[in-house]
Amino acid sequence: MGEIAGPHSGPNVRRRRYVVRGRAVVTAMATSVACADGAPSILEPRSDAARRVEGLWWLMFWISAVVVAVVIGFIAVAVRRRRAERGPVDHRAVRWGEPFIAVAGLGVSGVILAGTFVVSLRVLDALSDPPERPDLSIEVVGRNWWWEVRYPGFVTANEITIPAGETVELRLSTVDVIHSFWVPQLQVKKDHVPGVDNTMWLVADQPGRYRGQCAEYCGLQHAHMEFDVVALPAAEFDRWLAGQADPAPAPAAPEAVRGRANFLSSSCAGCHRVRGTTADGELGPDLTHLASRETIGAGLMPLTPENLADFVSNPQDDKLGVTMPPTEITGVQLDELVAYLLELE
């Protein structure tokens, strides 16, 4: 029995179905980009700067989609004509061959490339200067393989805390190789270049935690060189700033007291600084308020007693190639050391 035509059939309905399916495909692609492995995405902007980048991304996506569709259409037409002719092609009979190639292949392509180049330059120019005078200036130093964050009066690591809705200037430097600072939801990437102090700015629309990543291959642990930008409400940020400026709290639990003694008598104190103690090392991250952070190893793993004990005892097992050597402290002394570190809030 043949198909019966009706109000829910016909070319218009089929066309609408294709449009709906096309939109679904694009949405699925965008979602997969945004959510793959929990990675941050430029398609989830949380600042005016990131929204400009998102607009540029969609512009290039749709231009590319149209170009691909046109090319596929020409290929289909060429294959169909070739099958219909079933014989040798008389190239003299082909009309608009060379002019079409010149116009479509060179002219149209040139206009598209020039147009996207101009739009890209305008976006980059708009992102080069902050929208207003920065409210806070922070220095971020790239290291193999972690991030040192220097505030006025204190130093922390791997978490960059900023006030939400305010302009923050970042001064980017490095002590070893080229790194690249990138927070997809907030700004474009910018390199840390040896001997050069670059600057950029951040503004987060709303409080939240935004993941960043080194975007320039910098060595063995490049993929494990992450950081978080933590945007807090203004009042909460002021309290955080005051708390971080304080020296490390004295340990309360007897186990933590013994752990501090273990820390100060070991090689830990030669590489790490804990303000308020004799530990004044500068090779590794400042641990004064380590327990206030959510991760260790530059975003490698959550900060838990088990992970911390494992990382302290032999960091090479978790992050091969880091400059931190294995620690000789084991057993009860290691548990005491971990107890002390977890009291550094």
Side-chain angles (χ1 to χ4, degrees), residues 26 29-30 33-34 36 39-68 106-142 147 149-150 160 162-174 177-206 208-218 222-223 225-231:
V26 172
M29 291 172 61
V33 172
S41 171
I42 60 173
L43 302 183
E44 297 178 342
R46 294 296 184 269
S47 70
D48 288 339
R51 276 186 284 276
R52 286 179 176 269
V53 177
E54 182 198 27
L56 182 61
W57 189 95
W58 280 112
L59 172 65
M60 293 185 174
F61 174 84
W62 286 116
I63 290 176
S64 302
V66 171
V67 170
V68 169
L106 297 178
V108 175
S109 300
V111 170
I112 292 174
L113 292 175
T116 53
F117 178 70
V118 171
V119 173
S120 300
L121 287 182
R122 292 184 62 183
V123 171
L124 291 176
D125 182 64
L127 301 180
S128 61
D129 296 320
E132 57 187 16
R133 184 180 180 85
D135 301 292
L136 175 67
S137 182
I138 304 170
E139 183 177 2
V140 181
V141 183
W147 306 88
V149 189
R150 300 174 181 173
I160 303 168
I162 64 174
E166 298 184 15
T167 302
V168 178
E169 178 190 56
L170 301 182
R171 292 174 284 116
L172 309 178
S173 60
T174 176
V177 299
I178 296 176
H179 301 281
S180 188
F181 185 94
W182 188 30
V183 191
Q185 292 178 278
L186 299 180
Q187 252 291 11
V188 294
K189 63 187 72 171
K190 180 160 284 191
D191 286 350
H192 299 240
V193 181
V196 178
D197 292 329
N198 285 332
T199 59
M200 67 181 301
W201 54 272
L202 293 179
V203 178
D205 288 345
Q206 58 193 29
R209 180 174 289 266
Y210 307 102
R211 203 184 89 182
Q213 172 71 48
C214 178
E216 179 81 24
Y217 181 74
C218 56
H222 162 69
M225 190 171 175
E226 302 173 6
F227 60 93
D228 284 321
V229 174
V230 183

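None of the values given here were measured: they were computed from a predicted structure.
- W62 and W58 have parallel rings, their planes meeting at less than 30° on a 0 to 90° scale where 60° marks the start of perpendicular.
- Applying the side-chain contact (heavy atoms from CB on, under 4.5 Å) criterion to S120, with sequence neighbours excluded, gives L56, M60.
- The side-chain contact (heavy atoms from CB on, under 4.5 Å) test applied to V67 returns I63, V71, I112, not counting sequence neighbours.
- The number of heavy atoms from other shown groups lying within 6.0 Å of CH2 (W201) is above 12.
- Under a 3.5 Å cut-off, the side chain of H179 and the backbone N or O of E216 do not form any donor-acceptor pair.
- Taking all atoms of both residues into account, the shortest heavy-atom contact from M225 to C218 is SD-SG, 3.8 Å.
- Here the rule is side-chain contact (heavy atoms from CB on, under 4.5 Å) with V229, and of V168, I162, L170 only I162 fits it.
- Annotation: side chain to side chain donor-acceptor pair (under 3.5 Å) contacts of Q206 (sequence neighbours excluded): none.
- Closest heavy-atom contact between L136 and I138: CD2-CD1, 3.7 Å.
- Expressed to the nearest 0.5 Å, how far CG of L172 lies from CH2 of W147 amounts to 8.0 Å.
- Residues S41 and Q185 come closest through the heavy atom pair O-CG, 3.6 Å.
- Not counting sequence neighbours, the partners of P45 by the side-chain contact (heavy atoms from CB on, under 4.5 Å) test are A50, R51, E54.
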(request) Please report the C-alpha distance between I160 and F181 in whole Å, then the side-chain angles of each, then the deciding distance to 0.1 Å, and finally whether the side chain to side chain contact (heavy atoms under 4.5 Å, CB included) criterion is met. (result) CA-CA 12 Å; I160 303 168; F181 185 94; 3.4 Å; yes
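- With values rounded to the nearest 0.5 angstrom, F117 atom CZ is found 13.5 Å from R122 atom CZ.
- With sequence neighbours left out, S137 forms a side-chain contact (heavy atoms from CB on, under 4.5 Å) with E169, R171.
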Acceptor/donor pairs from residues 188-195 side chains to any protein atom, 3.5 angstrom cut, sequence neighbours excluded:
from, atom 1, to, atom 2, distance (Å)
K190, NZ, T199, O, 2.8
D191, OD1, S180, OG, 2.9
H192, ND1, S173, N, 3.4
H192, ND1, S173, O, 2.7

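- Atoms CD and CZ, from Q213 and F227 in turn, are 8.0 Å apart once rounded to the nearest 0.5 Å.
- In this structure a side-chain-to-backbone donor-acceptor pair under 3.5 Å is missing from S109 to L106.
- Residues passing the ring-ring contact (aromatic ring centres under 6.0 Å, His included) test with Y210, sequence neighbours excluded: none.
- Annotation: the span from D228 atom CG to R209 atom CZ amounts to 4.5 Å, rounded to 0.5 Å.
- By the side chain to side chain donor-acceptor pair (under 3.5 Å) test, E166 is found to be paired with no residue, residues two or more places apart in sequence or in another chain being considered.
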Listed pairs under 3.5 Å, donor-acceptor, residues 125-135 side chains, sequence neighbours left out:
from, atom 1, to, atom 2, distance (Å)
S128, OG, D125, O, 2.7
E132, OE2, T167, OG1, 3.3
D135, OD2, T167, N, 3.1

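- With sequence neighbours excluded, the residues that form a salt bridge (charged side-chain N to carboxylate O under 4.0 Å, His left out) with R150 are E139, E148.
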